[in-house]
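So the structure is just underneath, and the comments pick up after that.
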Amino acid sequence: MTEEAAYQTDGTTGVQRASPFLVARNIRKSFGGAQALKDASLSIVPGEVHGLVGANGAGKSTFIRILAGLNHPDAGSIEIDGHPVAINTPHQATEFGMSFIHQELAFVPGMTVLQNIMLGVPKKSRFGLNDWNAMARDVAPLARRVGITAPLNASVKGLSTAENWLINICRALVRRARLIVMDEPTASLTAAEAERLFAIIRDLSASGVAVLYISHRLDEILDLCSRVTVFRDGCSVAELAGESLTRPALVEAIVGGAVTEGAKHCASPEKGDVLLRVDGLARAPKVRSVSFDLHRGEVLGIGGLVGAGRSELARLLFGADRPDAGTMLLEGKPFAPGSPAAAVRAGLGLVPEERRAEGLVLSKSVAFNLGLANLEKLTLSRWLPLLSARARTSFAAEAIKALAVKTASIETPVGRLSGGNQQKVVIGRWLARNPKVLILDEPTRGVDIGARAEIHRLIRQLAASGMAVLVISSEPDELPDLCDRVLVMAEGRIVRELSGPAVSRKAIVEASYADPAPGLLMEGHPA
Amino acid sequence: MSDIAMGSRRLLSPAMRSALGVFARYGTIIGLLGMIVVFSLLSPRAFPTLGNFTNVLNQASLAMIIAGGLTLAVIVGELDLSIGFAASLHGILVTGLIVHDKLPIPLAVALVIALGALIGLVNGFIVTKIKVNSVIATLGVGTILTGLAFAYSAGVPIVAGVPEAFLQLSLGRWLFGIPNNIIVMALVLGALWLLVERTSIGQEIQAVGGNAAAARLAGINVDRIKMLGFVISGMCAALTGILLASRLGSGTASAADSYLLTAFAAVFLGSATLRDGEFHVLGTFVGALIIAFGFNGLSIFGAPTFSQYVFQGAILIVAVGLASLGRTLAER
């Protein structure tokens, strides 16, 4: 069927109105006892950019998994082009013209760009062999259209997140997708990369491909989307379009009345003495030479573009990687952790960037994950390392209460929690140790507004209690909101230090681009 | 397109799905009980007797010990294929130390168990420090051990001169006449269960197996925990080798090789028991029981020996397959 066939003329007004490509009505889904979706409805017309927003745990992910054929609804109906359908497998979702691009992009690492794009839909030659030349001919114009600069025969290994997104979009176009679902697409893109993505989304929309755009970044939603559906507690609570689509309206629908956005940063406390001194720390190729002082009781931000070497710096501080050069002093004593275990013993804590891959044992319970860095607290005695069930329960219950973790029980597998609550569990693990230095790498990535405000409040509390906190963030507003001082990294070096009133979103972004990296994707350098 | 559009909305009703979820966890236990009931009905005189049950447990104890050790290795996320070959070497070595070198039995046993730990340490070192895939590393080590076993025995089993006291290790009875094998097995599995489920080291062991990257960043020494898994696996293999030599009254260079397959079957059957695809000590015990009762039932009915292998392979695939299928369908 052609795109044109989906359009009908509205008889009464004479205006061209599209009949919906996809209608989902009253979708309900529960896992075990937990009701993930209670009553969710959503419709998408061809060629529109439709926003989907909601706090973490509102049911967005479950809804998408149902569209993708990964979960099956308990009740409700799905129509495509007006026909009721059942989406039993991801393959069927593809057949129906839907394509999904997730936060965790899935590629076969050893294969080329072209092989990944054509995975599952290869073109065969007369002899039944894969006809790579024909495939390359077909894909090349699409690749140009979405702006893939890497050669099609290059390996996907080592490509940037941005390029991975483009490859995924290309993959969707090859499959003639009529709806592309994008889950937090800009979470790990730089501002320039995001702009390029927006241009592509508008281009897709103009050519009749609908986009379901899921994001916590309301500015992007307002900028891109013509209609927005808001989920809250498993229900679709609002559909906003046109004049009613405003930031306050969105925030109100997401939070449900009680608006808690942006508790502003209070006056910076007296700076304490130097707790951690870093001098000339380097590990090729990502960290060139980094020196700074971290003071007791301060929140020090590290800004910069994705790939500037910030997470790699955090790994060096935490002993996860060994530096090629440089020294560290912790409380005036030489500090050279040979492993994370050594760093933890010395009084450091790390909340890693990839909480699912590096922060949590997803299949294990909330109590298990909270206890991981605190096992000596949970045993009967030092000499008898038997776990005390009572200590474990009270420890977990206390941490859950202190951090306001939303979970059915302490025995719930942590993988079932929403992103914000998972992050609280990782943070909670360290709080109980009361580390001297806490490093948080992208602490609020993919976390909803409410949880974000809570995590920020927590970070300020920790600093006020004398802890030195290092926050790495790509969220434009996060560091000015949170930090007394911000170091901006570019190309493995600290290029600027901002402090006090000089800490602003504008200053951080400017400093990040002060020394533009040559050949960065999406900066307009064709390969 | 139309056949897809007209397909059923959901594969299964919610009630059916929850039933499958239960089956995925309790299927192996239901199967074990079912097997016992069926065998009891078919052979009411020979099968359901205290004597026969004790006999089954006694026979199964050696497999349970080696499988219990293997469980630790797989919980930390590695495979140990050296255990069967190692147990064979341990068996011939302990016999040789006692018969040829005239060592006191406790010393010989202690030395061999220490060697088991050392082999585990070597396995762990190759896997964690040299970063060789554990399948390759332990297969290589196991093959070398087989060579050493043949070299030590020159291919001839040590039969003559095995002292009665050594035979009594495995054949003797203690406490209300319970066979020693069962007592040793209960102590070993009990200790392993306690270690994994109720100690702080056990939490680290489970964390390493669940997500090694996260465990490392939580401050756990992942390499050391993996080594520990291999060491425990190696020590349990040594214990099984010693008890087998005692039971057979001889040391043979390949006597315990087949325990590798039985141990793996028990461990994977165990992963389909009570928990969703996780390895655990209690599960391994149940897995080994299933295999033991199956063998026992088959032999009571006079089924030929080859059928035991068919049974072991089939029950493994059926049980793990059904549990996996049940989980998948229950989730959807």
Side-chain angles (χ1 to χ4, degrees), chain A residues 30-32 69-74 77-78 80 83-89 91-92 95-96 315 318 320 339-345 348-352 354-364 368-369 371-373 375-379 384-387 389 392 413 426 429-430 433, chain B residues 1-18 21-22 75 77 128 191 193-225 271 275-280 327-332:
Chain A
S30 59
F31 296 98
L70 292 163
N71 288 133
H72 301 261
D74 299 335
S77 65
I78 298 174
I80 286 179
H83 306 293
V85 297
I87 308 166
N88 286 325
T89 63
H91 178 74
Q92 285 180 358
E95 298 263 300
F96 288 134
R315 290 178 63 85
F318 198 62
S339 68
V344 169
R345 274 197 302 278
L348 269 71
L350 172 70
V351 177
E354 305 283 344
R355 66 178 160 260
R356 293 174 71 85
E358 302 184 315
L360 296 165
V361 186
L362 291 171
S363 61
K364 296 286 183 181
F368 180 96
N369 278 283
L372 269 194
L375 291 170
E376 72 281 353
K377 283 204 186 77
L378 306 181
T379 54
L384 187 67
L386 284 181
L387 292 176
R392 180 174 177 272
V426 184
R429 173 192 300 161
W430 295 114
R433 285 193 75 87
Chain B
M1 192 93 176
S2 63
D3 56 323
I4 294 167
M6 308 222 303
S8 67
R9 266 192 60 255
R10 266 163 293 133
L11 290 179
L12 298 162
S13 69
M16 190 69 186
R17 275 186 287 147
S18 66
V22 169
I75 293 178
T128 61
W193 179 85
L194 205 64
L195 174 73
V196 174
E197 305 293 337
R198 290 288 184 270
T199 69
S200 52
I201 298 168
Q203 300 283 295
E204 298 192 354
I205 288 171
Q206 292 186 45
V208 167
N211 184 345
R216 180 158 181 261
L217 289 183
I220 293 169
N221 190 331
V222 170
D223 287 357
R224 206 167 58 191
I225 293 291
S271 75
R275 299 193 193 169
D276 293 335
E278 262 178 40
F279 301 105
H280 60 129
R327 275 198 304 281
T328 315
L329 292 175
E331 276 289 311
R332 302 259 295 232

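Residue numbering restarts at 1 for every chain, and letters A, B, ... go by the order of the sequence lines. Note that the coordinates shown come from a computational prediction; the quantities given were computed from them, not determined experimentally.
- Per-residue counts of heavy-atom pairs under 4.5 Å with chain B were compared for A:Gly371, A:Ala357, A:Ser363; the largest is that of A:Ala357.
- Contact annotation for A:Pro385: both backbone and side-chain heavy atoms come within less than 4.5 Å of a heavy atom of chain B.
- Using a 4.5 Å cut-off between heavy atoms, A:Arg345 makes no contact with chain B at all.
- For A:Ala342, no part lies near chain B; criterion is any non-hydrogen pair under 4.5 Å.
- Atom CG of B:Leu217 sits about 11.5 Å away from atom CD of A:Glu354, to the nearest 0.5 Å.
- Contact detail for B:Ala214 and A:Gly359: the closest heavy-atom pair is CB-C, 3.7 Å.
- With a 4.5 Å cut-off on non-hydrogen atoms, A:Thr379 touches chain B through its side chain but not through its backbone.
- For the residue pair A:Leu387 and B:Glu197, the shortest heavy atom distance occurs at CD1-O, 4.3 Å.
- Note that CG of B:Asn211 and CZ of A:Arg356 are 11.0 Å apart. Values are rounded to the nearest 0.5 Å.
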> Yes or no on side-chain contact (heavy atoms from CB on, under 4.5 Å) for B:Gln203 and A:Lys364, after CA distance, side-chain angles and deciding distance?
Replying inline: CA-CA 10 Å; B:Gln203 300 283 295; A:Lys364 296 286 183 181; over 6 Å; no
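- B:Arg224 CZ: 12 or fewer foreign heavy atoms inside a 6.0 Å radius.
- The two residues B:Arg216 and A:Ala320 make their nearest non-hydrogen contact at NH2-O, 2.9 Å.
- With sequence neighbours left out, the side-chain contact (heavy atoms from CB on, under 4.5 Å) criterion links B:Ala207 to A:Val361, A:Phe368, A:Leu372, B:Ala215, B:Ile220.
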>> Show, in sequence, the C-alpha distance, side-chain angles and deciding distance for A:Leu386 and B:Leu194, and conclude whether the side-chain contact (heavy atoms from CB on, under 4.5 Å) test is met.
In response: CA-CA 8 Å; A:Leu386 284 181; B:Leu194 205 64; 4.0 Å; yes
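- Partners of B:Ala191 by side-chain contact (heavy atoms from CB on, under 4.5 Å), not counting sequence neighbours: none found.
- The two atoms that bring B:Asn221 and A:Ala341 nearest to each other are N-CB, 4.5 Å, heavy atoms only.
- Per-residue counts of heavy-atom pairs under 4.5 Å with chain A were compared for B:Gly219, B:Gly210, B:Gly209, B:Gly202; the largest is that of B:Gly219.
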